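Notes follow once the structure below has been shown.
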Amino acid sequence: MMATTDTSGSQGGARGNPRGRPTPPGPTAPGRSVRLRGGLDVATLVGLAAAAGVILVAITAGGSLRAFVDPPSMMIVLGGTLAVTTASFSLGDVAVAWRNAAAVLIHQTLDPKGVARQVLLLAEAARRAGPETLKNVLPELRSEPFLHRCVTLITEGLPPDVIERMLTGEVEASAGGHGKSAGVLRRASEVAPAMGLIGTLVGLVQMLGSLNDPSAIGPAMALALLTTFYGAVLGNVVLAPLAAKVERAAEDDALVKTLYTIGAVSIARQENPRRLEMLLNAVLPPGKRIQYFDREAPSVGA
């Protein structure tokens, strides 16, 4: 008789708690996406467009736009900047840097507060039913490869120290790659004005060698002045801001991966989720810190 009572009680809990008590969210809740920010980077596009607009207005207000178009000057600045930058690094580094520079124009990042909440949901689900229950949410995490890897390591039962060492190494490697890309762009922003100066010297030499030919003075003077102009614009208006953006994107990516790493190690150690919240807030910027258990957790089970 007692066995029958126990069985019916467990079945009643499995069927959804028929007595009307709120049922806590299942283990699939933590798998919901937290990709809250993304799309075109408006700040970068607006900034570059505004800078180009100011330059164009200054050009057209005082003369013709065609006077500022000189293919030899462009060749010296663009080709020279690419060549010297490649010589400073490698073809692979330069290719990755340009790919990362293009990626910041369509920068997608995870909101740190949303990431922290998701980590706490995972921790609560693991504490209720054990870390192995997180296998149920793995299919929902494929859009976030690093988090998917964290949860996979947890469900495989690896020791917490091993998980921490593996994930920390991956975070450092990723940060190093982004740092190298930013370094490539920084180097290019330094080389571009220098190539402009070299083009100016070339133009001046040509001009001084053609003083007896008035028809050659104009093109030589244009080469001398426009290369400096192109180099300054390319280095300070385009490459330097892109380098700063790549560095910022790397910092955002490192923060998100650090939050996931802290959560994975804490879950593997089966620590109290409230302690995990404290660890996450120690890493989050002041404006991004959460009060999950004081404000949000009661409403989750309501």
Side-chain angles (χ1 to χ4, degrees), residues 24-39 100 103-104 106-179 248-285 288-293 296-297 300:
T28 58
R32 295 173 183 171
S33 173
V34 293
R35 190 172 292 280
L36 303 179
R37 297 181 298 174
N100 288 336
V104 299
I106 314 176
H107 184 47
Q108 291 186 335
T109 184
L110 297 172
D111 178 45
K113 294 183 70 173
V115 168
R117 293 190 188 98
Q118 187 180 36
V119 168
L120 290 173
L121 284 171
L122 288 168
E124 285 191 306
R127 192 184 188 194
R128 286 195 304 267
E132 63 278 359
T133 193
L134 298 181
K135 290 182 179 179
N136 298 330
V137 302
L138 281 175
E140 303 176 36
L141 303 177
R142 295 190 182 277
S143 61
E144 190 57 40
F146 189 80
L147 176 59
H148 186 276
R149 179 168 172 78
C150 291
V151 176
T152 300
L153 294 176
I154 294 171
T155 57
E156 288 177 352
L158 294 178
D161 293 342
V162 175
I163 294 177
E164 183 175 17
R165 185 166 58 253
M166 294 176 62
L167 296 179
T168 301
E170 189 170 337
V171 172
E172 292 176 352
S174 177
H178 284 90
R248 177 64 182 273
E251 292 174 358
D252 292 343
D253 180 71
L255 174 60
V256 168
K257 289 182 177 179
T258 299
L259 294 174
Y260 283 143
T261 299
I262 293 173
V265 174
S266 178
I267 293 171
R269 290 175 176 165
Q270 300 183 4
E271 295 178 340
N272 192 312
R274 287 185 176 271
R275 183 178 186 277
L276 174 57
E277 182 184 42
M278 296 173 61
L279 295 175
L280 295 174
N281 282 332
V283 175
L284 287 167
K288 296 291 185 178
R289 291 173 183 168
I290 61 172
Q291 295 180 336
Y292 177 80
F293 289 102
E296 302 177 32
V300 173

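All values derive from a computational prediction rather than experimental measurement. Residue numbers run from 1 in the order of the sequence given. Atoms considered below: every heavy atom in the structure, side chains included; atoms not considered: hydrogens, waters and symmetry mates.
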Any side-chain heavy atom of [X] within less than 4.5 Å of one from [Y]?
X	Y	value
Lys288	Asp111	yes
Thr152	Leu141	no
Leu120	Arg117	no
Lys135	Ile154	no
Cys150	Ile267	no

If every non-hydrogen atom of [X] is compared with every non-hydrogen atom of [Y], which pair is closest and at what distance?
X	Y	result
Phe146	Lys257	CE2-O, 3.4 Å
Thr133	Ala126	CG2-CA, 4.3 Å
Arg289	Lys113	O-CE, 4.0 Å
Leu284	Pro112	CD2-CB, 3.5 Å
Pro285	Leu255	CD-CD2, 4.0 Å
Ile290	Ala116	CD1-CB, 3.6 Å

Could I get the full list of side chain to side chain donor-acceptor pair (under 3.5 Å) partners for [X], not counting sequence neighbours?
X	result
Thr168	none
Asn272	none
Glu271	Ser266, Arg275
Asn100	Ser181

Under the rule for side-chain contact (heavy atoms from CB on, under 4.5 Å), what residues qualify as partners of Thr258, not counting sequence neighbours? Val171, Ile262, Val283

Would you mind checking if Arg248 and Asp252 are paired as a salt bridge, meaning a charged N to carboxylate O distance below 4.0 Å? yes

Quick check against the 3.5 Å criterion: does Asp253 have a side-chain atom that pairs as donor or acceptor with the backbone of Ala175? no

Rounded distance [0.5 Å steps], CD1 in Ile163 versus CD in Glu156: 8.5 Å

Kindly determine whether Leu280 and Val115 satisfy side chain to side chain contact (heavy atoms under 4.5 Å, CB included), including the steps that lead there. CA-CA 10 Å; Leu280 295 174; Val115 168; over 6 Å; no

Just checking Glu132: does its CD atom have more than 12 heavy atoms from other residues, nucleotides or ligands closer to it than 6.0 angstrom? yes

Just to verify, what does Glu251 make a salt bridge (Lys or Arg N to Asp or Glu O under 4.0 Å) with, not counting sequence neighbours? none

